[in-house]
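Order of the sequence lines fixes the chain letters, A, B, ..., with proteins taken first and strands second; residue numbering starts at 1 for each chain.
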Protein chains: 2
Amino acid sequence: MKLTSKGRYAVMALVDLARFDNINPVSLRDISLRQGISLDYLEQIFSKLKKNQIVKSIRGTQGGYILSKKPNEIKLTNIFHAVDEKVKTVQCKKDSKKGCNGKATKCITHNLWDELENHINSFFEKKSLEDLLKSNKEHRY
Amino acid sequence: MKLTSKGRYAVMALVDLARFDNINPVSLRDISLRQGISLDYLEQIFSKLKKNQIVKSIRGTQGGYILSKKPNEIKLTNIFHAVDEKVKTVQCKKDSKKGCNGKATKCITHNLWDELENHINSFFEKKSLEDLLKSNKEHRY
DNA sequence: TCTATACTTGACCATTTTAGTCAGGTATGT
DNA sequence: ACATACCTGACTAAAATGGTCAAGTATAGA
């Protein structure tokens with residue numbers, strides 16, 4: 001199981017943004033340069049972040065993005081959800097009443113994967129953008 | 001982030017195996033039928049499990065596989081490691097002294113992903129095959 | 001000894017996902 | 001008007017996934 005770069009980039013970009021948006025909006029170009037992420041790719045990501053009300057955009061010269069909420073109100077869950085980075089441990093259809101793998105019942109490890117999903121998601125629900133900012137104040141990058 | 005079916009199948013198959021290997025070896029054909037997993041695919045998986053000393057094979061008629069160790073000595077970590085289901089949250093090369101994304105330093109979220117990896121791995125290190133057997137004794141599948 | 005069963009190995013492949021790029025646009029501050 | 005920066009959608013190369021297929025080898029039982 002691996003984290004996709006879309007999810008990673010989204011978090012990296014938002015941490016970067018959060019550190020600089022106190023006064024002025026931050027342009028994707030700046031984030032792109034500082035974080036080494038392709039500008040075109042960032043635009044895709046921010047389009048989703050905007051749709052999910054995590055950031056607001058300001059167009060025109062001196063434009064850019066700002067956070068829609070306070071850093072402590074933005075959890076990793078929200079970010080990942082916005083960019084479709086979801087935790088999936090089972091292939092089974094949720095809608096059908098049927099079990100996994102075409103069987104009539106749930107597969108013998110179904111509960112295990114549910115536990116795992118909860119375990120991972122609880123991590124994402126606890127961590128906010130503010131937490132990440134704090135743990136970054138010590139070392140400069 | 002999602003679990004691959006190779007990892008899921010490995011665990012499903014081993015739980016199935018553990019429930020039936022008290023007296024005789026269990027054939028992949030039986031596991032295939034009970035769990036609805038392709039026989040050819042199971043063979044690939046068990047080849048890896050064998051290389052990692054998680055199961056032993058017995059050839060010929062009435063042959064099959066048996067566990068190499070007691071169920072409480074086989075952790076999910078061991079199983080996942082055997083079938084190359086690894087938890088990867090960063091793309092960065094571990095060998096180089098360089099940072100992530102071509103930068104000179106670690107990316108600003110590097111510590112976060114390390115934390116996440118540890119969080120997930122600790123789940124896998126706690127769970128043994130025996131735990132899964134127990135939680136399955138209640139309901140029959 | 002013959003044969004069915006079951007493990008063993010390695011090559012192959014279609015589909016999906018990933019990680020972007022590219023090519024246009026539109027809005028706005030100066 | 002023009003440079004900056006957001007906005008949108010189409011496109012794509014490469015890798016990973018989730019298998020299948022073919023051709024074995026070993027062994028128990030008739």
Side-chain angles (χ1 to χ4, degrees), chain A residues 1-10 12-13 17 20-21 24-33 35-52 54-66 68 80 83-86 88-92 100-102, chain B residues 1-10 12-13 17 20-21 24-33 35-52 54-66 68 83-92 100-102:
Chain A
M1 45 187 341
K2 65 166 188 254
L3 202 65
T4 67
S5 69
K6 192 165 262 174
R8 262 187 313 119
Y9 288 169
M12 285 172 69
L17 174 55
F20 290 91
D21 81 335
N24 300 315
V26 181
S27 75
L28 292 191
R29 196 171 157 280
D30 286 353
I31 296 178
S32 165
L33 290 173
Q35 301 304 325
I37 304 169
S38 138
L39 176 59
D40 285 315
Y41 202 26
L42 272 181
E43 282 174 344
Q44 276 185 45
I45 292 169
F46 272 75
S47 154
K48 296 184 183 222
L49 292 175
K50 191 189 168 189
K51 267 185 201 141
N52 285 269
I54 290 170
V55 295
K56 283 179 191 156
S57 67
I58 295 162
R59 302 181 76 148
T61 317
Q62 307 299 330
Y65 286 94
I66 54 172
S68 291
F80 281 157
V83 298
D84 304 313
E85 173 85 60
K86 41 202 157 192
K88 268 188 82 178
T89 55
V90 270
Q91 223 71 358
C92 338
C100 322
N101 257 20
Chain B
M1 47 188 338
K2 66 166 188 254
L3 203 64
T4 68
S5 71
K6 192 165 265 174
R8 262 188 312 118
Y9 287 169
M12 285 172 68
L17 174 55
F20 288 93
D21 82 335
N24 300 314
V26 182
S27 74
L28 292 190
R29 197 171 157 279
D30 286 353
I31 296 178
S32 165
L33 290 173
Q35 301 303 327
I37 304 170
S38 140
L39 177 58
D40 285 315
Y41 202 26
L42 272 180
E43 283 173 344
Q44 276 185 44
I45 292 170
F46 272 76
S47 155
K48 294 182 183 224
L49 292 175
K50 192 189 167 188
K51 267 186 200 138
N52 285 268
I54 289 171
V55 296
K56 284 178 189 155
S57 67
I58 295 161
R59 302 179 77 148
T61 318
Q62 307 300 329
Y65 286 93
I66 55 172
S68 292
V83 299
D84 303 314
E85 172 85 61
K86 42 201 157 195
V87 177
K88 268 188 82 178
T89 55
V90 270
Q91 222 73 355
C92 339
C100 322
N101 255 24

Original post:
Is Phe46(B) close to Ile31(B) at the side-chain level, that is, under 4.5 Å between some pair of heavy atoms?
Top reply: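 Ile31(B) vs Phe46(B): side chains touch.
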Original post:
Does any non-hydrogen side-chain atom of Pro25(A) lie less than 4.5 Å from one of Tyr65(A)?
Top reply: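 When only atoms from C-beta onward are counted, Pro25(A) and Tyr65(A) do not touch, as no gap falls below 4.5 Å.
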Tell me the interatomic distance from [X], atom [atom1], to [N], atom [atom2], rounded to whole angstroms.
X	N	atom1	atom2	answer
Arg29(A)	dA3(D)	CZ	C1'	12 Å
Lys86(A)	dT17(C)	NZ	C1'	12 Å
Lys48(A)	dT18(C)	NZ	P	11 Å
Ile31(A)	dC6(D)	CD1	C1'	12 Å
Asn24(B)	dG29(D)	CG	P	11 Å
Lys56(B)	dA26(D)	NZ	C1'	18 Å
Leu42(A)	dT21(C)	CG	C1'	13 Å
Ile45(A)	dT21(C)	CD1	C1'	14 Å

Considering residues at least two apart in sequence or located in another chain, which fulfil the side chain to side chain contact (heavy atoms under 4.5 Å, CB included) criterion with [X]?
X	result
Thr4(B)	Lys6(B), Glu85(B)
Asn24(B)	none
Arg29(B)	Ser27(B), Leu33(B)
Glu43(B)	Leu28(B), Leu39(B), Asp40(B)

**OP:** For dC7(C), take OP1 and OP2 only and decide whether either is under 4.0 Å from a side-chain N or O of Lys50(B).
**Re:**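 No, no such contact exists.
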**OP:** Give a yes/no answer on whether the side chain of Ser57(A) brings an N or O atom under 4.0 Å of OP1 or OP2 in dA5(D).
**Re:**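 No, outside the criterion.
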Subject >> Partners passing salt bridge (Lys or Arg N to Asp or Glu O under 4.0 Å) against Lys48(A) (at least two apart in sequence or in another chain) >> reply: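 Once residues adjacent in sequence are excluded, the partners of Lys48(A) under the salt bridge (Lys or Arg N to Asp or Glu O under 4.0 Å) criterion are Asp84(A).
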**OP:** Under the side-chain hydrogen bond (donor to acceptor under 3.5 Å, both in side chains) rule, collect the residues that match up with Thr89(B), sequence neighbours excluded.
**Re:**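 Partners of Thr89(B) under the side-chain hydrogen bond (donor to acceptor under 3.5 Å, both in side chains) test: Glu117(B).
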Original post:
Taking only residues two or more places apart in sequence, or in another chain, which ones meet Ser47(B) in a side-chain hydrogen bond (donor to acceptor under 3.5 Å, both in side chains)?
Top reply: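 Per chain and number, Ser47(B) pairs via side-chain hydrogen bond (donor to acceptor under 3.5 Å, both in side chains) with no residue.
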Original post:
With the sugar-phosphate defined as primed atoms, P, OP1 and OP2, and the base as all remaining atoms, what B/S/- string results for nucleotides 14-21 of chain D, 5' to 3', for protein heavy atoms under 4.0 Å?
Top reply: --SSBBBB
Subject >> Protein-to-nucleotide contact annotation, 5' to 3' order, nucleotides 25-30 of chain C [B base; S sugar-phosphate only; - none; under 4.0 Å, heavy atom] >> reply: BBBBB-
**OP:** Would you mind classifying the nucleic acid contact of Tyr65(B) as base, sugar-phosphate or nothing, using non-hydrogen atoms under 4.0 angstrom?
**Re:**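 Touches sugar-phosphate only.
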**OP:** May I ask you to say what Val26(B) touches in the nucleic acid, namely base, sugar-phosphate or nothing, with a heavy-atom cut-off under 4.0 Å?
**Re:**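 Answer is sugar-phosphate: Val26(B) comes under 4.0 Å of backbone atoms only.
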